[in-house]
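This structure is a prediction, so every number in the text was calculated from the model and none was measured. All chains are named by letter (A, B, ...) in the order of the sequence lines, taking the proteins before the strands, and each is independently numbered beginning at 1.
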There are 2 protein chains.
Amino acid sequence: MATIYEVAARAGVSPATVSRVLNGTAVAADLAERVRSAAAELDYTPNRSARSLRRAHSELIALVIPDIENPFFTALARGVEDVAREAGFSVVLCNTDDDLARESDYLRVALAERMAGVVLAPASERSDLSGLVAAGRPIVAVDRAPHEHSVDIVTVDNVAAGRHATEALIARGARRIACITGPAGVDTADGRAEGWRAALTEAGLPADESLVVRSDFRQGGGRESMEALLARGAPVDAAVIANSVMAVGVARALRGAGRSLPLAVIGDLPIGFDAPDDLIALPLPARELGASAARRLLERISGDVEPARSLVLPA
Amino acid sequence: MATIYEVAARAGVSPATVSRVLNGTAVAADLAERVRSAAAELDYTPNRSARSLRRAHSELIALVIPDIENPFFTALARGVEDVAREAGFSVVLCNTDDDLARESDYLRVALAERMAGVVLAPASERSDLSGLVAAGRPIVAVDRAPHEHSVDIVTVDNVAAGRHATEALIARGARRIACITGPAGVDTADGRAEGWRAALTEAGLPADESLVVRSDFRQGGGRESMEALLARGAPVDAAVIANSVMAVGVARALRGAGRSLPLAVIGDLPIGFDAPDDLIALPLPARELGASAARRLLERISGDVEPARSLVLPA
DNA sequence: TTGTATGCGTTATCAA
DNA sequence: TTGATAACGCATACAA
């Protein structure tokens with residue numbers, strides 16, 4: 001591994017000049033040329049540990065997500081990568097499996113490695129960002145808003161998403177619409193349920209709270225929710241499902257029971273999911289969410305010190 | 001961000017002693033205790049850029065995969081993480097989307113960042129590992145064997161996998177079995193097709209090469225392959241499918257044509273995929289593959305300098 | 001066992 | 001514009 005000194009020696013210049021060429025500071029054309037060819041001949045790769053130490057941050061952006069198998073997060077990842085790469089940063093993915101301890105670990109590593117910044121899709125509202133925040137490192141939360149900390153946040157309009165999904169079912173004649181959503185206290189879950197409520201109310205329909213089922217945003221939870229609904233003979237003629245992973249479970253429960261029900265699902269469907277014909281998917285702008293988060297992060301990395309800002313994308 | 005000097009000052013010891021406490025070298029119990037509490041009070045996080053510079057490598061392991069949406073690779077990722085974390089390394093995921101240029105980029109970054117090592121699931125046999133190899137950095141290839149380079153390789157027994165899948169169909173009475181596999185020259189694709197051939201031959205059945213369809217391991221490819229087979233009226237009564245992502249497409253093509261065919265699929269099925277009843281899935285030990293690769297990598301990181309070794313896991 | 005001093009490879013400051 | 005040099009924070013060789 002050649003160092004900057006070896007390149008300098010071979011080009012007959014000082015290490016400082018090599019550094020300047022590599023970093024785009026003004027250098028005479030002939031010197032720059034000599035440096036470039038010396039670097040090429042030696043197959044010189046700058047040592048980023050040294051650079052990070054000196055500059056106080058690396059060129060890595062951590063993207064911390066709770067579930068690598070959820071297509072929403074993989075789409076989001078693409079958005080982050082698109083804009084980060086454009087700006088010369090590399091994105092590394094950290095999968096927490098919804099585990100707060102693992103999330104903490106990764107955030108700690110990102111801090112210790114002096115990564116340029118972090119885009120975090122929090123595993124929970126109780127996610128602990130204190131380390132990064134205390135150190136003043138760039139971080140933006142996406143999808144969910146963490147409590148306790150004031151950081152930049154990029155979310156979608158969950159209420160609108162819930163409303164649109166519900167309206168689509170109403171438009172098809174549904175009157176008693178169940179709402180299968182995530183845990184209480186989770187803003188994505190609560191917002192979508194609120195949209196369901198709003199759509200029903202606006203349509204002059206009763207928003208029967210007993211038709212709101214709280215689940216866990218996972219496949220098994222979706223299945224159990226629908227099974228419970230069927231078991232207690234709830235008089236539903238359609239259902240809004242707050243994310244696509246749960247929709248898979250819901251569809252299975254229905255099929256298992258030999259039933260069929262118009263479904264409106266918030267989010268893109270997983271690859272391979274054979275959706276029933278009466279299922280409406282309302283895509284979420286996952287990629288755009290990631291891109292926006294990354295853009296905000298880049299602003300922070302470039303030194304923006306404005307107060308934390310909250311951005312809500314239309315559904 | 002506190003430094004080792006501040007911790008040392010507060011504990012009334014030298015920086016070297018702090019370093020020793022943190023790294024587990026022998027230090028008197030009382031000093032160690034003082035250091036630990038000083039570190040805690042200052043919320044000291046060692047600067048890994050500095051450590052990496054000094055030690056010549058970081059505590060990050062890069063896992064470079066071609067398709068983050070393929071459940072095989074996410075399972076593999078879990079295996080890598082399990083053993084890497086156990087050993088104190090953090091795993092960062094790099095998704096290349098089957099793009100050799102992006103793969104190269106990530107490998108370059110891993111080298112420049114002086115990451116401890118790389119587990120690579122190559123996007124192609126033509127993957128360029130020259131940078132890492134030339135620098136003598138630890139790297140192990142998994143799933144596919146890259147040409148051109150001699151590195152540690154961990155794969156599954158693809159031939160056995162293909163054979164088992166085919167045998168399962170033969171056992172159910174199938175006689176003319178199609179084989180939908182990946183591109184020629186890709187060892188996973190070729191091996192599985194070879195297993196298909198072997199099983200048929202062993203069963204005294206003809207291995208009709210016109211029933212081998214070369215596709216791309218992706219959903220669309222699976223669909224097109226089956227559509228082509230149906231379109232030309234190939235006399236098949238079952239099919240072996242070399243990976244689970246293609247199986248989704250195949251199942252759709254069949255359903256679209258109003259047909260049904262016993263299917264044997266190599267690999268775990270994607271979440272949400274509603275497999276037809278006559279589909280047999282033959283799981284691949286993806287997680288174990290990742291774990292083995294990580295173990296081999298750890299040996300390299302600890303200084304093993306034996307010649308490159310090749311490990312083939314049973315299917 | 002502990003401390004001192006040095007160097008890892010860069011970038012930035014300062015002089016020239 | 002260019003070069004000499006210090007400093008980033010840590011781990012270790014060496015001395016005590």
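Scored by the side chain to side chain donor-acceptor pair (under 3.5 Å) test, A:R20 finds no partners at all (sequence neighbours excluded). Taking the side-chain contact (heavy atoms from CB on, under 4.5 Å) definition, one finds that B:A2 meets it with B:E6, B:L42, B:Y44, sequence neighbours left out. Partners of B:S310 according to the side-chain contact (heavy atoms from CB on, under 4.5 Å) rule, which considers only residues two or more places apart in sequence or in another chain, are B:I153.
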If you restrict it to nitrogen or oxygen atoms, what contacts under 3.5 Å exist between nucleotides 13-16 of chain D and the protein, and what is each distance?
residue: D:dA13; atom: N6; partner: B:R20; partner atom: NH2; Å: 3.4

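Here B:D105 does not pair with B:R102 in a salt bridge; the nearest charged N to carboxylate O distance is not below 4.0 Å.
Among the protein residues, A:P46 comes within range of the sugar-phosphate backbone only, with heavy atoms under 4.0 Å from sugar or phosphate atoms but none that close to a base. At the heavy-atom level, B:S19 lies under 4.0 Å from base atoms of the strands shown.
Atom CD of B:E6 is separated from atom P of D:dC10 by 9 Å (rounded to the nearest Å). One interatomic measurement links the two molecules: CG of B:L53 to C1' of D:dC8, which rounds to 9 Å at whole-angstrom precision.
Within the 3.5 Å criterion, the main-chain N or O of B:R218 finds a donor-acceptor partner in the side chain of B:D216. Remark: the backbone N or O of A:V91 is paired with a side-chain donor or acceptor of B:Y106 at under 3.5 angstrom. Between the A:R137 side chain and the A:M115 main chain, a donor and an acceptor come within less than 3.5 Å of each other.
Mapping A:Y5 and A:T17 onto DNA chain D by nearest heavy atom places A:T17 at the nucleotide closer to the 5' end.
The distance from the CZ atom of B:R51 to the CZ atom of B:R55 is 5.0 Å, given to the nearest 0.5 Å. If you take OG1 on B:T155 and CG on B:D187, they are separated by 7.0 Å, rounding to the nearest 0.5 Å.
Bounding nucleotides for the chain A contact on DNA chain C, 5' to 3', at a heavy-atom distance below 4.0 Å, are C:dG9 to C:dT13.
Of the residues in residues 23-39 of chain B, B:V27, B:A28, B:L31 come within less than 4.0 Å of DNA chain C through at least one heavy atom, sorted by number.
Taking the side chain as every heavy atom from C-beta outward, B:E103 and B:D98 never approach each other to under 4.5 Å.
For the residue pair B:N23 / B:T25, no side-chain donor-acceptor distance below 3.5 Å is found, with atom types taken as modelled.
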